[in-house]
Participant: 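Structure in structure tokens, see below.
Predicted model, so just to flag it, every value in this text is computed and none were measured. A note on names: the letters A, B, ... follow the listed sequences, proteins ahead of strands, and every chain is numbered from 1. Basis for what follows: all heavy atoms, side chains included, without hydrogens, waters or symmetry-related copies.
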Number of protein chains: 4
Amino acid sequence: MVSKFLNLDSEKQNRILNAAINEFAEKGYENASTNDIVKEAGISKGLLFHYFKNKKQLFLFLYDYCIDVSLTEFYKKIDLNERDFFVRLRQIHLIKAELLNKYPKMLKFIEVANIEKSSDIENDLNVINKDELENASKRVFDGIDLSKFRDGIDIEKAINVVIWSFQGFNAKVLEEAKLSSSKQINYDKAFIEAEAYTEMLKSCFYK
Amino acid sequence: MVSKFLNLDSEKQNRILNAAINEFAEKGYENASTNDIVKEAGISKGLLFHYFKNKKQLFLFLYDYCIDVSLTEFYKKIDLNERDFFVRLRQIHLIKAELLNKYPKMLKFIEVANIEKSSDIENDLNVINKDELENASKRVFDGIDLSKFRDGIDIEKAINVVIWSFQGFNAKVLEEAKLSSSKQINYDKAFIEAEAYTEMLKSCFYK
Amino acid sequence: MVSKFLNLDSEKQNRILNAAINEFAEKGYENASTNDIVKEAGISKGLLFHYFKNKKQLFLFLYDYCIDVSLTEFYKKIDLNERDFFVRLRQIHLIKAELLNKYPKMLKFIEVANIEKSSDIENDLNVINKDELENASKRVFDGIDLSKFRDGIDIEKAINVVIWSFQGFNAKVLEEAKLSSSKQINYDKAFIEAEAYTEMLKSCFYK
Amino acid sequence: MVSKFLNLDSEKQNRILNAAINEFAEKGYENASTNDIVKEAGISKGLLFHYFKNKKQLFLFLYDYCIDVSLTEFYKKIDLNERDFFVRLRQIHLIKAELLNKYPKMLKFIEVANIEKSSDIENDLNVINKDELENASKRVFDGIDLSKFRDGIDIEKAINVVIWSFQGFNAKVLEEAKLSSSKQINYDKAFIEAEAYTEMLKSCFYK
DNA sequence: TATGAATGAGTCTTCATTCAT
DNA sequence: AATGAATGAAGACTCATTCAT
């Protein structure tokens, strides 16, 4: 069924893909309207269900697709020869920002999908989650130069602390942007602050 | 209107409260069914709308209610005389765990509400968010003994790193539980690990 | 049941009466809300149904009541000694205008009731219609001096033509007011025009 | 949306049209039930709203449709070469009676629509009213031979008197039928009476 | 392959009416 | 007499999904 979809000329394929990703990203699973998707994609009601047996399968397919595309791009861009952990981490964040720029809806869709509460979806998502994302986040730190870390330190934990710190930092930046009058991220300020955190954490965990 | 509800005998009040919190926590705003709520609460269709003029007002009331109840309990339990940051933080997490145990759906509801995408809800929620929660998270660290922090360190940033680290740690514990066969949190292991993180961070930031 | 209502102190009686007449006049039978009536009257839900077994009975009672009150006032004001048909007719219209001023909702209610399509109501209304209004419209022209009419004319038909003409004229005045910018009746102009019609019809039917 | 409806095979189109006109004519706008309409038309709930976005749009469409159909038929039948006012007027009433026979519900619907109090409807109706009906009622008396009227008479007023008289006469005939045992109009008697009124008015206003 | 008419269970909400107090 | 909590059928409308063409 889905294979039929993959044989479509890519222009139509993309129209459908974009329309659907957009709709789900904007409204979440339950609230997204297949009606609006076909309208936006310029195809008929029946055709969508010709390619995807139901809304759920469409959603799950899109999730797979978005993960694939973004991970592929991600690994294309990352420089695994860079062995310094903090430099690598900064790289990762920069690439994320690039992807967010290039595929804003796609990443929003992934985020929305991971939050999705609809019991219809939740279970089936976890399966893919494990297989695809888990080893992705491992590979991302392959080949890091561990000798730079202070002796006696639990390196795994240290790495986690750094990663979590930057997760938290990102969330803070986003939240501040949302509450600001301009609703815009102040990238310069954020970058300077990020460097300060980096220095602090480096002084904690590096020799 | 809501005042009518508050005059109800508390048994029925609780049945309605629990049914509604449960439903919203499980399915989110849009997908929650007022039909299912009344069925679960064992009341008639009309009665729900006798107390709450519509689904939205019910949701907003519940949000207020849940915030109130959990913050009240939180401040009743927290010992603001404890001035050590790490001890205080451990306290906070333990209280959170307790509350999660006592009112599992309530906290899930709050979380779900804060994520809610439904444009119907989003705006009205932010207002309450800011006023109530913002200064709550400030008070929680009132009276901390800052003299214990290493000289020359940016204390605010250090505190953020610790908080974010434990946020990440908690998420990891939950995720691991979800993927485990037992679906249960292994509290002993988690506690030991948490202590290790605490020690590591203390050695980073404390004198 | 209704007799209970009539024993009420007249202040409360009036509050209920006015609230109900108002509501029905404004929204018609089906669309009127008993909820709004009790709210406006400042009484409880139950009390209304204590006095009137249901919405229909309330409506029918009000119809009776309004007909009674307005007819009573009407006969109190009309001068049955005036024997000239056209003078009497002018009198009738002036009294109608007075009543409309004094009891605007009441007359609007009667009008709305007579138009009412709700099958629930329609039949039961006709019964009262016949008994009460029929002989009212007869008495109104009691004692007219028929000798003033041209010989050989069918007086009944002539009278009908005059009555219908003024009915039509009134409707025209109202319609013009509705479509005008001020939404107000231009009474001066209307009066002059009415006199012209009167003269024309007099010259047709009078000796 | 409505265009979808117009492409329907006319059998089903008519089923829907008749069911809806019937329901609205019988119960008025607010009280009419879309449930009953689809039941009567033998279509599903969803289909009605596939063609008409809501109850209001359906009602407004029907109004347009009914006006169109009845005016078209009316002008097809009327003989604008007949220049005598009274003959023309008789013609008009005969055609009305025919239409009433052919499309009883349609005309009742139009009447009901013009009376409609529902604020939802009232405004949107007036617009169409003015444009369509106003100049219709003018054209209907185009080309009347005014030279037949008595000199010195206000012809416009005279015409109004005649029109209003027959309006009143029609209402009387209908009312009498409603109150009669047979509930049927006695056409023979009505015709004779109408002729008598015609003669009387002719002798008033014609040379 | 492609269409879009058709379905009907489901949505939230209203409202006249009842009844225990 | 008076209250107002409680009912549940009915209201308009939505939407994923099917199917004849």
Participant: For K55(C) and dT14(E), give me the distance from atom NZ to atom P, rounded to whole Å.
Facilitator: 15 Å
Participant: If you define the side chain from C-beta out and look only at heavy atoms, does anything of K12(A) sit under 4.5 Å from L47(A)?
Facilitator: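 The answer is yes, as the side chains (C-beta and beyond) meet within the 4.5 Å cut-off.
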Participant: Take the protein atom CD of Q57(D) and the nucleotide atom P of dC13(F), then report the distance between them rounded to whole Å.
Facilitator: 11 Å
Participant: Could you say whether K4(B) or Y29(A) is positioned toward the 5' end of DNA chain F, judged by the nucleotide with the nearest heavy atom to each?
Facilitator: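 By nearest-heavy-atom nucleotide position, the 5'-most residue is K4(B).
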Participant: Under 4.5 Å between any side-chain heavy atoms of T34(D) and N54(D), yes or no?
Facilitator: no
Participant: Send over the distance from F59(B) CZ to dT13(E) P, rounded to a whole Å.
Facilitator: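 Distance check: F59(B) CZ to dT13(E) P gives 14 Å.
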Participant: Which residues pass the salt bridge (charged side-chain N to carboxylate O under 4.0 Å, His left out) test with K53(A), sequence neighbours left out?
Facilitator: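 Salt bridge (charged side-chain N to carboxylate O under 4.0 Å, His left out) check on K53(A) returns nothing, list empty.
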Participant: Any side-chain N or O of K53(D) below 4.0 angstrom from OP1/OP2 of dT14(F)?
Facilitator: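 No.
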Participant: Base, sugar-phosphate, or nothing for K56(B), non-hydrogen atoms under 4.0 angstrom?
Facilitator: nothing
Participant: Which part of the nucleic acid, if any, lies within contact of L48(D), taking any heavy atom under 4.0 Å across all strands shown: a base, the sugar-phosphate backbone alone, or nothing?
Facilitator: nothing
Participant: Would you kindly give the CZ-to-P distance between F49(C) and dA1(F), to the nearest whole Å?
Facilitator: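 That distance rounds to 16 Å.
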Participant: Nearest whole Å is fine: how far is dG11(F) P from F24(D) CZ?
Facilitator: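 It is 13 Å, rounded to the nearest whole Å.
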Participant: If you take any heavy atom closer than 4.0 Å to DNA chain F, which residues from residues 35-47 of chain C end up in contact?
Facilitator: S44(C), K45(C), G46(C), L47(C)
Participant: Please work out if Y51(C) contacts a base, only the sugar-phosphate, or nothing of the nucleic acid, heavy-atom cut-off 4.0 Å.
Facilitator: sugar-phosphate
Participant: Using a distance-only test with no angle check, is there a side-chain donor-acceptor pair under 3.5 angstrom linking K45(B) and N35(B)?
Facilitator: yes
Participant: Is there a side-chain contact between S44(C) and V38(C), using heavy atoms and a 4.5 Å cut-off?
Facilitator: no
Participant: In this structure, how many angstroms lie between the P atom of dT18(E) and the CZ atom of F52(C), rounded?
Facilitator: 15 Å
Participant: For a 4.5 angstrom cut-off between non-hydrogen side-chain atoms, does I37(C) reach L58(C)?
Facilitator: yes
Participant: Nearest to the side chain of H50(C), which nucleotide is it out of dT17(F), dA1(F), dC13(F)?
Facilitator: dA1(F)
Participant: List the residues meeting salt bridge (charged side-chain N to carboxylate O under 4.0 Å, His left out) with K55(B), not counting sequence neighbours, and say none if there are none.
Facilitator: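 Checked K55(B) against salt bridge (charged side-chain N to carboxylate O under 4.0 Å, His left out); zero matches.
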Participant: Just grab all the salt bridge (Lys or Arg N to Asp or Glu O under 4.0 Å) pairs involving residues 27-44 of chain D, residues at least two apart or on different chains.
Facilitator: E23(D)-K27(D), K27(D)-D36(D), D36(D)-K39(D)
Participant: Quick one, M106(A) and V69(A) - any side-chain contact, counting heavy atoms below 4.5 Å?
Facilitator: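 A side-chain contact exists here, since the closest heavy-atom pair is under 4.5 Å.
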Participant: Write out all pairs satisfying ring pair (Phe, Tyr, Trp, His ring centres under 6.0 Å) with one or both partners inside residues 36-60 of chain A, taking only residues at least two apart or from two chains.
Facilitator: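 Qualifying pairs, neighbours excluded: F5(A)-Y51(A), F5(A)-F52(A), F24(A)-F59(A), Y29(A)-F59(A), F52(A)-F61(A), F59(A)-F109(A).
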Participant: Pull out every stem in DNA chain F, meaning runs of 3 or more consecutive Watson-Crick or G-U wobble pairs with both distances under 3.5 Å.
Facilitator: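 Consecutive-pair runs (3 or more) involving DNA chain F: E:2-21 with F:2-21.
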Participant: Are OP1 or OP2 of dT11(E) and a side-chain N or O of T34(B) less than 4.0 angstrom apart?
Facilitator: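 No, T34(B) has no side-chain N/O under 4.0 Å of OP1/OP2 on dT11(E).
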Participant: Can you tell me the distance, in whole Å, between the CG atom of L8(A) and the C1' atom of dT1(E)?
Facilitator: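 Between C1' of dT1(E) and CG of L8(A): 9 Å.
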Participant: Give a yes/no answer on whether the side chain of S33(A) brings an N or O atom under 4.0 Å of OP1 or OP2 in dC15(F).
Facilitator: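 False: S33(A) side-chain N/O out of range (4.0 Å or more) of dC15(F) OP1/OP2.
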Participant: What is the distance from CG of L58(C) to P of dC15(E), rounded to the nearest Å?
Facilitator: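 My rounded result for the distance is 16 Å.
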